[in-house]
Amino acid sequence: SHTATATGKEAGTATGNDTVLSAREQDLLKGMIKSQLANCWRLPGAGGGAEIPPVKLRWSLNPDGSLNGEPGVMSAPNDTLGNAAAEAALRAVRTCQPFRLPPDSYEGWKDIEWVFDPRQML
């Protein structure tokens, strides 16, 4: 059985992920995350979304797909629209948990960085 403590080069290396998952697996995971997020994501305001700026979030997940701590905003425009976009993205992540993702590739999705871009997500 695996112990929870990561040691050596595994610990905390964001670049270590590409050795764990193939590009195809990563694409598959991205698709799964995207479709789940799309169901939870409600854009702010009445607009079609084109004026909503992209925001980047980061969050960590437990093996059961539930959030491990609060999601954080990595980048968002510091204005009204940016704040609204960030809030909508945060709400989507909280609403979507638990994420349903393949347990055997947990290493590949325990830490997620995601750009919420209306032009790509909708």
Are [X] and [Y] close enough that some pair of their side-chain heavy atoms sits under 4.5 Å apart?
| X | Y | value |
| --- | --- | --- |
| L90 | L57 | yes |
| I52 | L81 | yes |
| L67 | P71 | yes |
| E25 | P102 | no |
| D111 | S60 | yes |

Ignoring hydrogens, what is the shortest heavy-atom contact between [X] and [Y]? Give both atom names and the distance.
| X | Y | answer |
| --- | --- | --- |
| A76 | G82 | CB-O, 4.1 Å |
| A86 | V55 | N-CG1, 3.9 Å |
| A88 | R42 | CB-O, 3.4 Å |
| Q36 | L101 | NE2-CD2, 4.0 Å |
| A85 | P53 | CB-O, 3.7 Å |

With sequence neighbours excluded, tell me which residues meet salt bridge (charged side-chain N to carboxylate O under 4.0 Å, His left out) with R94.
->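 E70.
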Using the test side-chain contact (heavy atoms from CB on, under 4.5 Å), find all partners of P63 that sit at least two apart in sequence or belong to another chain.
->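 So P63 forms a side-chain contact (heavy atoms from CB on, under 4.5 Å) with Y106.
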Show your reasoning for whether side chain to side chain contact (heavy atoms under 4.5 Å, CB included) applies to L61 and K110.
-> CA-CA 5 Å; L61 294 173; K110 66 179 185 195; 5.6 Å; no
Applying side chain to side chain donor-acceptor pair (under 3.5 Å), which residue pairs with at least one partner in residues 82-93 are found, sequence neighbours left out?
->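 Side chain to side chain donor-acceptor pair (under 3.5 Å) check on residues 82-93 returns no pairs.
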In terms of heavy-atom contacts, does CG of N78 have more than 12 from other residues, nucleotides or ligands at under 6.0 Å?
->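 Counting other residues, nucleotides and ligands, CG of N78 stays at 12 neighbours or fewer.
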Less than 6.0 Å separating the ring centroids of W41 and F116?
->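 Close enough - the centres of the two rings lie under 6.0 Å apart.
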Spell out, yes or no, whether L28 and F99 are grouped together once hydrophobic residues are joined by side-chain heavy atoms under 4.5 Å, including indirect joins.
->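 No, separate clusters.
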I would like to know whether E113 and K56 meet side chain to side chain contact (heavy atoms under 4.5 Å, CB included); could you show each step before the answer?
-> CA-CA 7 Å; E113 285 184 13; K56 186 178 188 184; 3.3 Å; yes
